[in-house]
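Below: one structure, written as structure tokens.
By convention in this document, chain letters (A, B, ...) are assigned in the order of the sequence lines, proteins followed by strands, and residues within each chain are numbered from 1.
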2 protein chains.
Amino acid sequence: MMVNVKLDDFDRRILDAVQRDGRVTADQLSETVGLSPAAVQKRLKRLRDQKVILQDIAVLDPQKLGPAMTVIVEISLERENLGVLDQFKRRMRETDEVQQCYYTTGEADFVLILVVRDIHDYERFTRDHFFGNAEIRKFKTNIVMDTVKVGLSVPVWEE
Amino acid sequence: MMVNVKLDDFDRRILDAVQRDGRVTADQLSETVGLSPAAVQKRLKRLRDQKVILQDIAVLDPQKLGPAMTVIVEISLERENLGVLDQFKRRMRETDEVQQCYYTTGEADFVLILVVRDIHDYERFTRDHFFGNAEIRKFKTNIVMDTVKVGLSVPVWEE
DNA sequence: ACTGAAAGGGTAGTAAT
DNA sequence: ATTACTACCCTTTCAGT
């Protein structure tokens, strides 16, 4: 379960760089962080092994793949027992249209970020996943008009 | 503003693969898509030039970087005029804690996904960005207890 | 049909990591 | 040593005549 990973400032600088651009070479990185290319590569390998770097991915433009719409949905469940919760989570993880899913406190139990083709596609989604599901008490839909900022970047804080 | 990029099934298979794992080699890709490594690379270059692939990034585990908390905030503005909107958007783009920002229809005007250190850090954020801002009518906070699914993956539809 | 241009794949050699 | 990049050549397609 090793949650305790200690990172120094070199690690932080590397992480800050690769989360902005994962294609920077160790050579370029060596200059910005102040280590040799080989040292940078060793650290990168360690950071991946330790799952500080979870994955390296390409970010696509949804629009370019065809008509696309982002929808944010807040869901309240009927009653929260573990079985229902886990089943719902599993289903969200398995569903392609679900880009992100958060289990939250507050008004909503879940917040989903979906990418669907159009409003009809979303209507179909609600039929398949919400109306057909007795556990869902209500849900609230927010259509995204402007994706102001997207990313998965995390502040790399100084200690 | 050439939005029209036509993609064939080869492109789709490449995109589907790299958005899951951006570190697959052209060699490996060549097998899964059925082209030569060089052809795959040429397509990757084109897809990046055409901004179908927007960026290649490393995804970090926020927890591993120190204490971290994800918060989803729904914001309603006082009155929506273009100046206020644009200024707010710009500010969100510039703020490190703001991982994602969406301008939406529905109950909320904006939905933010923040990554902060702890609840006190969030309190400071609200003071700096919400209470000090006369344009913000109200905001609703959802603390994330479980990040069920994260990613920026998009369905790569068949035509 | 014939030709020439354009697009895209493969091979192979070179540079980078 | 492995992987990425690229220059070169070949095939297919399609436009214009």
Side-chain angles (χ1 to χ4, degrees), chain A residues 5 7-68 151-154 156, chain B residues 1-61 64-65 151-159:
Chain A
V5 175
L7 305 170
D8 60 19
D9 282 346
F10 291 123
D11 290 322
R12 269 179 241 281
R13 260 172 276 171
I14 291 170
L15 292 169
D16 193 43
V18 295
Q19 87 171 151
R20 293 190 155 75
D21 178 8
R23 278 167 65 79
V24 285
T25 63
D27 227 18
Q28 297 169 270
L29 270 174
S30 71
E31 288 182 21
T32 58
V33 309
L35 287 173
S36 75
V40 170
Q41 278 190 333
K42 260 186 278 187
R43 279 167 185 263
L44 274 171
K45 176 166 175 16
R46 179 173 54 77
L47 292 167
R48 282 194 250 265
D49 288 344
Q50 289 173 153
K51 301 283 181 218
V52 180
I53 296 174
L54 294 170
Q55 42 176 349
D56 297 83
I57 58 166
V59 180
L60 311 185
D61 183 346
Q63 312 273 28
K64 295 276 170 65
L65 299 177
L152 297 173
S153 296
V154 155
V156 177
Chain B
M1 192 86 252
M2 90 152 146
V3 274
N4 237 351
V5 175
K6 57 176 159 38
L7 306 169
D8 59 18
D9 283 344
F10 291 124
D11 291 321
R12 269 181 248 278
R13 262 174 274 170
I14 291 170
L15 292 168
D16 194 43
V18 296
Q19 86 171 152
R20 293 189 154 78
D21 178 8
R23 280 167 65 77
V24 285
T25 63
D27 228 19
Q28 297 169 272
L29 270 175
S30 72
E31 289 183 20
T32 58
V33 309
L35 287 173
S36 73
V40 170
Q41 278 190 341
K42 268 185 273 189
R43 279 165 182 264
L44 275 172
K45 176 165 176 14
R46 179 172 53 78
L47 292 167
R48 282 194 252 263
D49 288 345
Q50 290 174 152
K51 300 284 180 216
V52 179
I53 296 175
L54 294 171
Q55 41 177 351
D56 296 84
I57 58 167
V59 180
L60 311 185
D61 182 348
K64 296 274 171 63
L65 298 177
L152 296 174
S153 295
V154 154
V156 177
W157 300 297
E158 312 301 315
E159 284 297 293

Lys/Arg N to Asp/Glu carboxylate O, B:D9 vs B:R12, below 4.0 Å: yes
Interatomic distance, B:L35 CG vs C:dT11 P [rounded to whole Å]: 11 Å
Pairing of A:D56 and B:R20 as salt bridge, 4.0 angstrom limit: no
For atom CD1 of B:I14 and atom P of C:dG9, their distance in whole Å: 8 Å
Non-hydrogen atoms of B:R46 and B:K6 that approach each other most closely: NH1-O, 4.4 Å
Side-chain N or O of A:T25 closer than 4.0 Å to phosphate OP1/OP2 of C:dT17: yes
Nucleotide of C:dG8, C:dG10, D:dA4 approaching B:A39 most closely (side-chain heavy atoms): C:dG10
Value in whole Å for how far the P atom of D:dT3 lies from CG of B:L29: 12 Å
Length of the line joining B:D11:CG and C:dG8:C1', which is rounded to integer Å: 11 Å
Polar side-chain contact B:K42-C:dG9 base: donor and acceptor under 3.5 Å: yes
Separation of atom CZ in A:R23 from atom P in C:dT17, rounded to whole Å: 11 Å
A:Q41 CD to C:dA16 P, straight-line distance once rounded to whole Å: 15 Å
C:dG9 OP1/OP2 closer than 4.0 Å to side-chain N/O of B:R46: no
Integer-rounded Å distance: C:dG8 P and B:D9 CG: 15 Å
Touch class at under 4.0 angstrom, heavy-atom based, for B:A38 against every strand present: base
Shortest non-hydrogen contact from B:S30 toward B:L35: CB-O, 2.9 Å
Interatomic distance, A:D27 CG vs D:dT3 C1' [rounded to whole Å]: 15 Å
